[in-house]
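First comes the structure, then the notes that go with it.
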Amino acid sequence: MDLPQVMTDGLARVVALVAVSDRITVLTGAGISTESGIPDYRGPNGVWTKDPAAQRLVDINWYLADPEVRRQAWQERLHHPVWGASPGPGHRALVELERAGELRALITQNIDGLHQAAGSSPSMVLELHGTIHRCRCLDCGYETPMQEQLDRVRSGEADPPCQRCGGIQRSATIAFGQALDPDVLRRAREAAATCRLFLAVGTSLRVQPAARLCALAHEAGAELIIVNGEPTPYDDVAAAVVHGPIGEVLPAVVLGKR
Ligand code: ZN
């Protein structure tokens with residue numbers, strides 16, 4: 001096996017663990033998509049976390065109460081970096097892991113759809129925070145492709161209402177103050193509790209439910225592998241930790257599966 005330059009002792013151990021493991025559950029966070037040009041919005045150093053004014057745009061109470069907040073939020077959606085982003089080597093490596101047949105679930109905190117764009121099966125991807133690729137009515141739940149609604153914004157509707165009931169719409173993502181989708185959360189918990197290997201990638205593991213899912217896997221006896229730029233609260237109990245660029249580390253991690 002040809003190991004790349006980035007290989008370290010920690011990475012060698014990760015490669016060995018992944019090579020022999022079945023039932024792998026992966027959790028990804030903003031770190032895997034920042035390499036594709038999508039900033040971290042809700043992490044500890046995220047755009048929204050550091051700028052409370054920006055956070056208004058994704059707080060459900062502000063959103064419902066203030067038409068100006070909605071108008072700004074639609075402009076943010078229209079110009080979101082996701083529309084010009086492509087999956088990176090990290091996303092593609094996880095497609096290879098799925099094709100190797102050992103992937104239990106691909107849980108993500110990201111709303112960008114880049115796992116599916118890379119080729120991960122939609123049925124495998126559990127989007128904890130929803131997706132920006134869909135639009136949902138907050139009154140009747142009617143869903144449409146986001147691009148249809150963005151076309152209306154481009155045509156001059158500053159805050160396009162639901163075409164079925166006239167209600168307020170927003171992206172099918174979880175705003176602050178909104179509950180997570182209980183079905184997605186149930187499936188994510190199950191995938192965390194029943195895997196042999198839990199691979200956390202590009203997530204600080206400091207926000208919920210990510211931290212809880214990691215704890216759940218660890219308590220159920222799974223080995224924990226952490227690939228992240230910064231230390232996490234779970235590094236001490238992990239079987240292996242790699243602090244390196246995800247786009248270089250993940251392709252190496254799945255080498256043993258080929
Ligand atoms: Zn509606």
Side-chain angles (χ1 to χ4, degrees), residues 28-30 33 38-43 46-49 51-85 87 105-117 120-191 207-210 213:
T28 66
S33 288
I38 297 178
D40 176 5
Y41 283 93
R42 48 194 306 160
V47 176
W48 298 334
T49 316
D51 179 5
Q55 199 179 122
R56 278 189 188 189
L57 301 182
V58 289
D59 180 304
I60 194 64
N61 297 312
W62 280 107
Y63 193 86
L64 287 170
D66 188 346
E68 178 56 23
V69 165
R70 295 200 292 278
R71 193 195 62 76
Q72 279 182 38
W74 279 110
Q75 286 301 312
E76 291 262 320
R77 276 170 214 136
L78 192 59
H79 300 292
H80 197 286
V82 72
W83 310 123
L106 175 45
I107 307 166
T108 185
Q109 297 168 267
N110 302 334
I111 56 150
D112 52 45
L114 288 179
H115 287 304
Q116 296 93 325
S120 289
S121 305
S123 62
M124 191 65 81
V125 182
L126 298 176
E127 297 173 306
L128 292 173
H129 295 152
T131 176
I132 196 171
H133 293 272
R134 306 278 299 165
C135 178
R136 185 184 296 141
C137 172
L138 292 168
D139 286 341
C140 76
Y142 182 59
E143 280 198 20
T144 47
M146 178 56 80
Q147 286 305 330
E148 281 182 16
Q149 302 305 322
L150 292 182
D151 282 344
R152 295 174 67 192
V153 178
R154 280 186 205 98
S155 305
E157 287 185 76
D159 178 21
C162 172
Q163 287 141 307
R164 200 163 72 176
C165 80
I168 292 173
Q169 304 196 101
R170 67 182 302 280
S171 55
T173 53
I174 308 296
F176 291 96
Q178 272 186 310
L180 302 187
D181 181 321
D183 185 53
V184 171
L185 193 55
R186 180 188 56 75
R187 290 168 62 202
R189 283 196 183 121
E190 195 180 293
V207 291
Q208 299 300 353
L213 290 170

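For the single chain, residues carry numbers from 1 onward in sequence order. Hydrogens, waters and symmetry mates are skipped; everything else that's a heavy atom, side chains included, is used. Order of listing sets the numbers, starting from 1, for every ligand and every atom in it.
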Salt bridge (Lys or Arg N to Asp or Glu O under 4.0 Å) involving R71 - partner list, sequence neighbours excluded: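 Here the qualifying residues are E68.
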Could I get the full list of side chain to side chain donor-acceptor pair (under 3.5 Å) partners for E157, not counting sequence neighbours?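 With sequence neighbours excluded, E157 shows a side chain to side chain donor-acceptor pair (under 3.5 Å) to R152, given in chain and number order.
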Under the criterion side-chain contact (heavy atoms from CB on, under 4.5 Å), I'd like the reasoning laid out for R77 against S171: C-alpha separation, chi angles, the key distance, then a yes or no. CA-CA 8 Å; R77 276 170 214 136; S171 55; 3.7 Å; yes
Output, by chain and residue number, all protein N/O/S atoms separated from the Zn ion (ligand 1) by less than 2.8 Å.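 Result, waters dropped: C137 SG, C140 SG, C162 SG, C165 SG.
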I'd like to know whether V82 forms a side-chain contact (heavy atoms from CB on, under 4.5 Å) with M146, so could you lay out the CA-CA distance, the side-chain angles of the two residues, the decisive distance to 0.1 Å, and finally the verdict. CA-CA 12 Å; V82 72; M146 178 56 80; over 6 Å; no
Distance-only criterion, 3.5 Å: show the donor-acceptor pairs between side-chain atoms of residues 52-60 and protein atoms not counting sequence neighbours.
unit_1 : atom_1 : unit_2 : atom_2 : d
Q55    : NE2    : W48    : O      : 3.3
D59    : OD1    : N61    : N      : 2.9
D59    : OD1    : W62    : N      : 3.4

If you measure only the distance, is there a donor-acceptor pair under 3.5 Å linking the side chains of Q163 and E148?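 The criterion, which ignores hydrogens and geometry beyond distance, is not satisfied for E148 and Q163.
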